[in-house]
Amino acid sequence: MDLRVPSGWFFLLLGAILIVMGALSGSSAPLTTHNVNLYAGLAMAIFGGWMLWLAKRTS
Amino acid sequence: MVIYTIGEHPVALTFVDYAILAVYFAFVLGIGWVVKQRVETSEDFLTSGRSVPVWITSLAFIAANLGAQEVIGMCASGAKYGIMTAHFYWLGAIPAMLFVGVFMMPFYYGSRARSVPEYLKLRFDEKTRTFNAVTFAVMTVFSSGISMYALGLLFQLVLGWSFTASVLLSAVIVLVYTLLGGLTSAIYNEVLQFFLIVLGFSPLAILAVARAGGWSGMASHIPPVMTHSWKYMGDPAQNPMGVDIFGMVAGLGFVLSFGYWCTDFLVVQRAMAANSMSAARQTPVIAAFPKMFMPFIVILPGIAAVALGNMNVGYTLPPKGTGYDYDQALTTLMAQFYPSGMLGVGLTALMASFMSGMAGNVTAFNTVWTYDIYQSYIRRNAPDAHYLLVGRLTTVIGISLSVATAYLAHQYNNIMDLLQLVFGFVNAPLFATFLLGMFWRRTTGHGAFFGLLSGTLAAASTHGMTLAEGKGGWLVSVQEFPSTMAQNFWIAIFAWTTCFLVTILVSLATPPKADSELRNLVYGLTELPSEQGVVWYKRPGPLAIVVSVMVIALNFLFW
């Protein structure tokens, strides 16, 4: 099994959940006003996508 | 002003956070299930059949060691000691990792030993192997149990979950995926856990440091000793760790880190699972790249927490006794910067780091028990299917013992301190044994065994004769150290030196093995594959030089 595949899907999924959270309910954390869910979610989704792309490229 | 008290749960999870945890469990179990299909022999189950690609072994190499105690502990140390904590990485881990990859892997991998104790048997004799196998087996079960205990305690404190529920939940998940796929499953999941730890905690580091005003902003709100890693080490009285340069460099930088990274089967096992000699040698060196940047993810938030506490923004570290509960630094910061959603990811990352620590210890225990103890002493020449079965059974037993240890630690809190101590006693002399064994043909089995024994005794005696923060000195008090950390460094130095000297003396007085018996086990009698025509970045030597330059630069940057 190419570990990049499940890793990729895992972070794509997590990223998607966070992006939706970020888009819908904004952000409510005591010490920050940034939309943490949105940005972190984007980073995770990009990482996941990159893993999947790497796996596809070598197969 | 928000003040957290022990017993108050500062973090409340929503449905999404639990969903994220569930997704993680599903993936981890799924990976175990897929890997199971390819497990046919005991070597597949216990050693991955030497088939794992180098990028995976490299990340697993650091992930197996990166338990939650490190994530939480380094953040706590960052809050307590500042950037000096980075020495555990830049002075401790990195040089040792480079050394084991470039100089020691040829013997570990070339000997075709299935474990570190087995290498000792091939190089020396059965009694040396058994000493190492037994102490290692006991240590791993206790480490795994302590991971579970720390997880249970943390989740109880932070989330209000029952201790039993946390321990059993994590035990069951780890049990299932290691039972299914063995070492390969543990390694693959360690890599996933590593990604999760990096992606789950980097945002916290970025947010906390930014809120504290960046590096210079933080520096202006905390004592200068916390933002300098070398400057205040001339005198133990000048820094909160209570150490001086020699104690730090020789104790931590040399004995303790080399003793761990170069001989501990937990990490060495990941490199030994690689699919070729050059992959095995590259593993610790490639791993050094992400390792050197871990301080920015785990230590910086701790420093930021202290700065924020001084900035009147409504946050402070939770109090404990007359000081602070530094172990709560990470979790309380998460409550301040992570909204629901990311909070779930952060807690899943914490759970993941505990689980990678547990699974790593259990799989290492498994291999050592099955091959070095069971196969050597209990049932010698059974067919391979029998050992595969034993391996599977040992997984169940290992986890059960770990759960029992977790409860023991819960009952007797100072058991953890005692265990830490014993680990130190046993680990410190090991590197001397391996150094002499791998690079000096003349070292004999008797030398190695009595060296190890005397080194361990020297460690215990040093502890018995010195006092630090009220600990030790149970024989007579000859010296007082300003901190237990300083005491540990000096115990290590004495233990190593004693082992080194005794090993040499006893070896010279006893007959060595013939050269023919030492092929691939020692320097000068081991064939290294030629590196002609291989690009520089695939050769461990040049890579190690690049890492060294980078780490030296980091040390200067944070002087």
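All values below come from the heavy atoms of this structure, side chains included, with hydrogens, waters and symmetry mates left out. Everything numeric in this text was worked out from a predicted model, so none of it was measured. Each chain gets a letter, A, B and so on, in the order the sequences are listed, and its residues count up from 1.
Contacts of B/Ile56 with chain A are made by side-chain atoms alone, with heavy-atom separations under 4.5 Å and no backbone atom involved. Using a 4.5 Å cut-off between heavy atoms, B/Val345 touches chain A through its side chain atoms alone. In this structure, the portion of B/Phe27 lying under 4.5 Å from any heavy atom of chain A is its side chain and not its backbone. For A/Phe47, the part lying under 4.5 angstrom from a heavy atom of chain B is the side chain only. In this structure, the portions of B/Leu196 lying under 4.5 Å from any heavy atom of chain A include both its backbone and its side chain. Of the atoms belonging to B/Val34, it is side-chain heavy atoms, and not backbone ones, that fall under 4.5 Å from chain A. The part of B/Leu207 that comes within reach of chain A is its side chain, from C-beta onward, which places non-hydrogen atoms under 4.5 angstrom from that chain.
The closest side-chain donor-acceptor pair between B/Thr316 and B/Tyr324, if any, does not fall under 3.5 angstrom. B/Ser58 and B/Arg270 are not linked by any side-chain donor-acceptor pair at a separation below 3.5 angstrom, with hydrogens and angles left out of the test. Counting only N and O atoms by type, the side chains of B/Gln193 and B/Tyr24 include a donor and acceptor under 3.5 Å apart.
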For this session: For salt bridge (Lys or Arg N to Asp or Glu O under 4.0 Å), just list the numbers for B/Arg50 and B/Glu43, CA-CA rounded to whole Å, side-chain angles, deciding distance to a tenth of an Å, and then say yes or no.
Result: CA-CA 9 Å; B/Arg50 293 180 164 217; B/Glu43 291 217 1; over 6 Å; no
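Residues A/Tyr39 and A/Met44 fail the side-chain proximity criterion, which asks for heavy atoms closer than 4.5 Å.
Every residue two or more places apart in sequence or in another chain was checked for a side-chain hydrogen bond (donor to acceptor under 3.5 Å, both in side chains) with B/Asn275, and none qualifies.
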